[in-house]
*Asks:* 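Got a structure for you, written out below as structure tokens; questions coming shortly.
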Amino acid sequence: MTQNKPIILTGDRPTGQLHLGHYVGSLENRVRLQDSHEQFIMIADMQALTDNADNPDKVRSNVIEVALDYLAVGLDPSKTTLFIQSAIPELNELTMFYLNLVSVARLQRNPTVKSEMQQKGYGAEVPAGFLMYPVSQAADITAFKATVVPVGEDQLPVIEQTNEIVRKFNNIYGDVLVETKALLSTNARLAGLDGKAKMSKSLGNCIYLGDDADTLKKKVMSMFTDPEHIRVEDPGKIEGNMVFAYLDIFATDKATVAEMKAHYQRGGLGDMKVKRYLLEVLEAKFGPIRERRAEFAQDKAAVMEILRQGSLKAKAVAAQTLYEVRKAIGVEYF
Ligand code: ATP
Ligand code: MG
């Protein structure tokens, strides 16, 4: 490991394939950061089980799907360590030690957990594992002594809670753990095909990285535009028009987009034409990613071997931290 690079811990829950929202929200950054940072990317299957205990097949089958997405976008296993959370039992032992440093009331106050609990309709019957997942995240982050955690604004309370645990631990047992910093993603969140604020698996308004050309075309053609733009010659609205929102994000030829916007607004430019242009733009960017994904998918054993190697490497790092933690607490007896 190159010791002078900042260390990143990040990852995704394997509850489905990754979509263009994940691409602009995190994947693009991770590909960029893998050269300047020591990057650990975790497929968080343990965390996925905290609210999918009754559906382990969904979690299990999506581990490889998420790995395929990672490899397809250009995460390089020789630069980035890709690993599976459940393959590192050390993380769970760290979680157990940290749980003693956190009150139930504090967990219930965590704004991220609170809003997710509301969304999922959990009351007092919330799975205990779900309630304490910020502690498990603190274990993930500190196991790798990660100094940088890329997050969206909504995840900031998790970083705060991690650092509270770090300070409390170091206070009681001595300086072992390292505080971490949030790296706020500057990218706007990607809206859904339907015009909803967020592209999200559970809303069914996603373009997946693995979507084939036909599916991509159908999805683009179904995108929400301006419902009042009925005849081609009518002036159309840009605001809230998903096709232009996506062009703003993905098109590199800004002049053409500006020209199309002006034309659309004064009338005479039909939705179909703009959608066809967006399809071209998305094909150019995501076509090669889809092809790479399909190539990796032909040899799933090789992909699992990448995850196995990554997990071995991650396990060695986490085991070292766990050893230091156990020694500091005084439970290394033998
Ligand atoms: P679910 O519907 O199950 O919540 P999702 O599609 O919203 O799934 P998550 O697993 O919740 O995906 O997303 C994990 C992380 O990916 C988010 O915290 C965020 O950083 C990023 N992300 C997800 N969707 C988007 C989006 N539309 N735009 C930008 N970033 C996104
Ligand atoms: Mg979500």
Side-chain angles (χ1 to χ4, degrees), residues 8-33 39 41-59 61-63 65-70 73 75 84-85 110-122 127 130 133-134 136-137 140-141 146 148-162 182-211 219 223-224 240 242 245-250 282 285-286:
I8 287 185
L9 183 277
T10 182
D12 292 281
R13 292 156 40 104
T15 53
Q17 294 190 17
L18 301 182
H19 51 68
L20 300 202
H22 296 118
Y23 185 82
V24 299
S26 57
L27 296 176
E28 211 174 20
N29 275 335
R30 294 178 191 170
V31 173
R32 197 168 44 79
L33 290 168
Q39 187 165 240
I41 300 188
M42 177 176 82
I43 302 182
D45 60 341
M46 292 290 289
Q47 199 185 312
L49 284 168
T50 63
D51 58 337
N52 288 284
D54 54 352
N55 204 351
D57 286 349
K58 174 168 102 176
V59 174
S61 63
N62 279 304
V63 167
E65 299 299 329
V66 170
L68 288 171
D69 289 325
Y70 287 161
V73 297
L75 287 167
I84 305 178
Q85 187 180 27
N110 183 309
T112 311
V113 175
K114 221 167 147 177
S115 81
E116 286 175 353
M117 276 179 57
Q118 262 158 17
Q119 263 172 39
K120 293 176 196 292
Y122 288 150
F130 186 86
Y133 91 72
S136 148
Q137 285 188 333
D140 304 333
I141 293 166
V148 183
V149 180
V151 288
E153 199 117 18
D154 55 324
Q155 292 287 311
L156 280 177
V158 168
I159 303 299
E160 205 179 302
Q161 185 142 35
T162 295
L183 177 66
L184 267 182
S185 58
T186 48
N187 284 317
R189 80 176 19 172
L190 188 66
L193 293 172
D194 52 2
K196 291 216 178 90
K198 200 181 165 224
M199 180 176 282
S200 188
K201 280 179 301 238
S202 47
L203 297 175
N205 59 3
C206 304
I207 295 174
Y208 292 97
L209 293 171
D211 278 348
K219 287 182 176 176
M223 275 174 91
F224 182 84
M242 287 305 106
Y246 280 39
L247 281 174
D248 278 338
I249 293 173
F250 295 110
L282 293 179
K285 191 163 179 74
F286 295 104

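Values in this document were obtained by computation on a predicted structure and should not be read as measured data. In listed order, ligands and their atoms are each counted from 1.
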*Asks:* Considering both backbone and side-chain atoms of Leu203, is one of its nitrogen or oxygen atoms within less than 3.5 Å of a nitrogen or oxygen in ligand 1?
*Replies:*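 Min N/O separation from ligand 1 is not below 3.5 Å for Leu203.
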
*Asks:* Strictly distance-based, threshold 3.5 Å: is any side-chain N or O of Gln39 a donor or acceptor partner for the main-chain N or O of Arg30?
*Replies:*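 Here the side-chain-to-backbone pair exists.
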
*Asks:* Is ligand 1 under 4.0 Å from a heavy atom in the side chain of His19, in the backbone, in both, or in neither?
*Replies:* side chain

*Asks:* Strictly distance-based, threshold 3.5 Å: is any side-chain N or O of Arg13 a donor or acceptor partner for the main-chain N or O of Val59?
*Replies:*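 Not at all, since once roles are kept as given, no pair shorter than 3.5 Å links the two residues.
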
*Asks:* So, is Thr15 polar-close to ligand 1, with some N/O to N/O distance under 3.5 Å?
*Replies:*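 No: no nitrogen or oxygen of Thr15 is under 3.5 Å from one in ligand 1.
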
*Asks:* Answer yes or no: does an N/O atom from His22 fall short of 3.5 Å to an N/O atom of ligand 1?
*Replies:* yes

*Asks:* Can you name the residues that form a salt bridge (charged side-chain N to carboxylate O under 4.0 Å, His left out) with Lys201, not counting sequence neighbours?
*Replies:* none

*Asks:* Does Arg13 reach ligand 1, in the sense of a heavy atom lying below 4.0 Å from it?
*Replies:*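 Per 4.0 Å heavy-atom rule, Arg13 does not contact ligand 1.
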
*Asks:* Do the side chains of Lys198 and Asp154 get close enough for a salt bridge, i.e. N-O under 4.0 angstrom?
*Replies:* no

*Asks:* What residues, two or more places apart in sequence or in another chain, satisfy ring-ring contact (aromatic ring centres under 6.0 Å, His included) together with Tyr208?
*Replies:*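 With sequence neighbours excluded, Tyr208 shows a ring-ring contact (aromatic ring centres under 6.0 Å, His included) to no residue whatsoever.
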
*Asks:* Given Cys206, Gly192, Ser200, Gly204, identify the one with the heavy atom nearest to atom 7 (O) of ligand 1.
*Replies:*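 Looking at heavy atoms only, Ser200 sits closest to atom 7 (O) of ligand 1.
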
*Asks:* Do Asp12 and ligand 1 have an N or O pair less than 3.5 Å apart?
*Replies:* no

*Asks:* Looking only at distance, does Asp154 have an N or O less than 3.5 Å from an N or O of ligand 1?
*Replies:* no

